[in-house]
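Following: one structure in structure tokens, then a few remarks.
Note that the structure is predicted; figures quoted are calculated from it, not measured. Numbering of ligands and ligand atoms starts at 1, following listing order.
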Amino acid sequence: MAVPRFWREMPVRYNLIGSHCTSCDMYHYPPRSMCSGCHRKSIGKLEEYQFAGTGEVVACTVVYQPQRGYEMHGPYPLAMVELDEGARVTAQIVDVTPELVKRGMHVKAVFRKLGEDSESGIIYYGTKFAPVDEPEQEEEETAESVEAEL
Ligand SMILES: [Zn+2]
């Protein structure tokens, strides 16, 4: 990821800031300039919104081949999290055995190291999610793989 783009996205990445449409009450993350629910009606009706950071896993997969610069994380669980407000975020799940991440798991946003640019030595930080409750170790059903959706 290019550095300028990263710094431009900083407030969004650090604070889980999205947008809320006051026309149709839809929430978006990342923030949008036009609502995906009511389109043109949303012009001038979008407000910045800071998400509470709690939500539920709706889809997940385990990444066994991390991208360059993310090697220290692999294998790691990557999930689509539906925030309590309704917006969906794709993020890494931390503090849990990858195989224990599954649909319906309650998670909360945490601030963690995202990756490292080996050439510049710059370390990226951002939002990841961690389980709210201790996952059940005996559960036999493993994470449903829906890679195509991510
Ligand atoms: Zn709308």
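The shortest distance between side-chain heavy atoms of I17 and E48 falls below 4.5 Å. H39 is not listed as a side-chain neighbour of K41, based on a closest heavy-atom distance of 4.5 Å or more.
Partner of F129 under the side chain to side chain contact (heavy atoms under 4.5 Å, CB included) criterion, chosen from I93, T54, V96: I93.
Defined by atom type and a distance below 3.5 Å, a donor-acceptor pair is present between the side-chain atoms of Y49 and E85.
Excluding water, every protein N/O/S atom under 2.8 Å from the Zn ion (ligand 1) is given here by residue and atom: C21 SG, C24 SG, C35 SG, C38 SG.
Nearest heavy-atom pair, Q92 versus K128, reported as atom, atom and distance to 0.1 Å: OE1-NZ, 3.3 Å.
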Exercise for the section: Evaluate side chain to side chain contact (heavy atoms under 4.5 Å, CB included) for V107 paired with V57, printing each intermediate quantity in order. Expected result: CA-CA 7 Å; V107 292; V57 171; 3.9 Å; yes
